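Below: one structure, written as structure tokens.
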Protein chains: 2
Amino acid sequence: MATLETISSIDTAPRHPIRLVANRTGLTVDLIRAWEKRYHVVEPARSDTKRRLYSDYDIERLRMIRIAKQNGRRLVDVAPMSLEALRDVVSEDSRFDAAQDNPAEVYRPSWSNPLESTDTQDAVDAMLFAIQTMDQHRFDQLLQEGLVKQALPAYLETVIGPLLREIGESTRLGKLRIAHEHMATAHLRTFIGALRFRETFTGSEPKIIITTPTGQLHELGALMIAALVSVDGWLPVYLGPNTPADEIAACAMQSGARAVSLSLTYPADDPRIPTELTRLRSQLDQKIPLFVGGSAAAHHRQLIGRLGLQSPPSLNELRQTLNELRDRGFRLQSA
Amino acid sequence: MATLETISSIDTAPRHPIRLVANRTGLTVDLIRAWEKRYHVVEPARSDTKRRLYSDYDIERLRMIRIAKQNGRRLVDVAPMSLEALRDVVSEDSRFDAAQDNPAEVYRPSWSNPLESTDTQDAVDAMLFAIQTMDQHRFDQLLQEGLVKQALPAYLETVIGPLLREIGESTRLGKLRIAHEHMATAHLRTFIGALRFRETFTGSEPKIIITTPTGQLHELGALMIAALVSVDGWLPVYLGPNTPADEIAACAMQSGARAVSLSLTYPADDPRIPTELTRLRSQLDQKIPLFVGGSAAAHHRQLIGRLGLQSPPSLNELRQTLNELRDRGFRLQSA
DNA sequence: GCAATGTTGTCCCACTTTTGTCCAGACAAA
DNA sequence: TTTGTCTGGACAAAAGTGGGACAACATTGC
């Protein structure tokens, strides 16, 4: 389907000025130039007046290089690597860093399976099969492999999201037992949660509160958002599921968050939702946008409109909106 | 064993700078050099400017040596050993370690002993402060650091457990907001969940179902058990919280589990607990022991006795019992 | 039980390499 | 005009290197 184009195809059109790159990567302008001068880390295109113009691909590479350096890599080593290679290196490092205290061998040998599933549907099916047979190890393996093949946002959208829907559907139809669903959910909780730690933070990222309101116990959607925005230079303040409106507002205040995002899935028609949303909107600073997403958001369209909440129809549009918000924030800050 | 193939597959190409090695092994840069100077523990290749360059093989050896030392081995003894020999030594030690009747008397040099109680109290306090200030990054950092200082079982018992109690208590007393508790819980969920991934499995481990019964929504206790037993050579089948008795039984059947462990925390007097436990016990093969733990287990002592369930009073005793069960199982299997 | 000896983690030094930051003067954009 | 970017170079902080010192602790021999 149309979703396939989004996979791993990061835009290589040169359009971003160096300042924006610095903001998004957490590097300084000077440093980006120094890296270019010394190691040709990136060779951006130029405008007709010799201004550097970076592509999304360049930005992503710089982000990865910064993380690789933090993991102890030398600039000389990582500078010539492709984005894919960098991703491998970084994910390898983050898997192995911090000391182990257990004798079990650490290297997951790539006695990897011949099961090459390039299509995302195949990947989802393979995962469903692993769940059905309660093969947790295989499930983990599949989750990890998938992550290497594409960038995180695309992965969440094309694999994890559909997988969640299929698990729900299969359980409803009796093709999976509740126990299977539980196991899969618990595993995904761990897996997605760990994704946030792959990013490193500079401390200058704007914060966004992410949670679900009272009565909404399913947290995976919210957790996906947290992982997603951390890639885009936000610092997610993740509160888990089922947080009362008052607490969300207080937390936004204390942490100085620039945005709040809620995920609604089940039950879709919980009567507490309108109350909680209204309450939260009124307690929150008007300048802080409140995003509402998840499969149950559609049930509350009117309410969302009335309260002036944001409800982007897809993860991509959410990213889009947040990116604009973040960059606007930078401009305001520096002015 | 099958491990031999994986060993030979470890890359011996020198490419990692010393800093990265330090990150991955949990050793300090100074220490790595000191070991080289004194015992030629590793003799890394050099770059053209004399910088040390380590291979994956070197890193793996260093990691093993660190663990061997933690188990009480002397550096002089292990320094000249091959990776294969190191693995043998380490796995032997860890089995011996786990089989000890009295963990307090395990021979260990003082510098690897469980931390002083003041240290652990300090660690817990620091974490609480991070939670209070909503400093997620610091919280993660503290959690990771703690893991380097102690072996996992000791860490869970002396730091994570007390931390959970303090969080609960502080929230009850109003010293922490619900939002703080939520954030901390979500973080701990991710952190403890990720611990399981540090283990690699051979496929021959006995399985143990770990979950909480219907109505018990707090999963951290269960998750700690899952992390703990995976160190001792069990394969946890983790189902998350709130699993109905029928599903647990079905899951035990399908996966061929050798044991089931439930965690009870809150609400302690949920009327569903007796029903569910009784139901589960009756549906489960009599040969499969059913463990019940958690702070609320004490409220159901009579029930536990009547149903013939196991309820070890501490994590250590749980390990003990499980180790015996595992080894008995091995003997049965091989006979 | 005690002194002598061995082991081991940490720290300091002087020196080199690597890496991040800053500056100046020219030019472009707002 | 003001602000930002460009180039090239200078400078300083950070990190790595070899060597050695030292304190804490364990082990050994008496």
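The sequence lines fix the lettering, A, B, ..., with proteins before strands; numbering per chain opens at 1. All values derive from a computational prediction rather than experimental measurement.
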Task: Phosphate OP1/OP2 of C:dA28 contacted by A:R52 side-chain N/O (<4.0 Å) - done: no
Open item on the list: Tell me whether A:Q254 contacts the main-chain N or O of B:Q132 through its side chain, where contact means a donor paired with an acceptor under 3.5 Å.
Closed with: yes
TODO: Could you tell me whether B:V76 contacts a base, only the sugar-phosphate backbone, or nothing, with contacts defined as non-hydrogen atoms closer than 4.0 Å?
DONE: sugar-phosphate
Task: Nearest-nucleotide comparison on DNA chain C, the residue closer to the 5′ end among B:W35 and A:S47 - done: B:W35
Task: Selected nucleotide, minimal atom distance to A:D30 side chain, candidates D:dT5, C:dG20, C:dT21 - done: C:dT21
- [ ] State, yes or no, whether a side-chain contact exists between B:R15 and B:L53 at a heavy-atom distance under 4.5 Å.
- [x] no
- [ ] Look at the side-chain N and O atoms of B:R74 and state whether any lies under 4.0 Å from the OP1 or OP2 oxygen of D:dA26.
- [x] no
- [ ] Could you please name the option among D:dT7, C:dT21, D:dA15 that lies closest to any side-chain atom of B:R51?
- [x] D:dA15
Task: Comparing A:R33 and B:T49 on DNA chain D - which has the more 5′ nearest nucleotide - done: A:R33
- [ ] Choose from C:dT7, D:dG16, C:dT10 the nucleotide whose nearest atom is closest to any side-chain atom of B:T28.
- [x] C:dT10
Task: Proximity to the side chain of B:L75 - top-ranked nucleotide from C:dT19, C:dT8, D:dA15 - done: C:dT8
TODO: Would you state whether a donor and an acceptor, one from the side chain of A:R38 and one from the base of C:dG20, lie under 3.5 Å apart?
DONE: yes
Task: Base of D:dG20 paired with side chain of B:K37 (donor-acceptor, under 3.5 Å) - done: yes
Task: Minimum-distance nucleotide to A:Y39 side chain [options: D:dT7, C:dT19, D:dG18] - done: C:dT19
Open item on the list: Less than 4.0 angstrom from a charged side-chain N to a carboxylate O is my criterion; do A:R33 and A:D30 meet it?
Closed with: yes
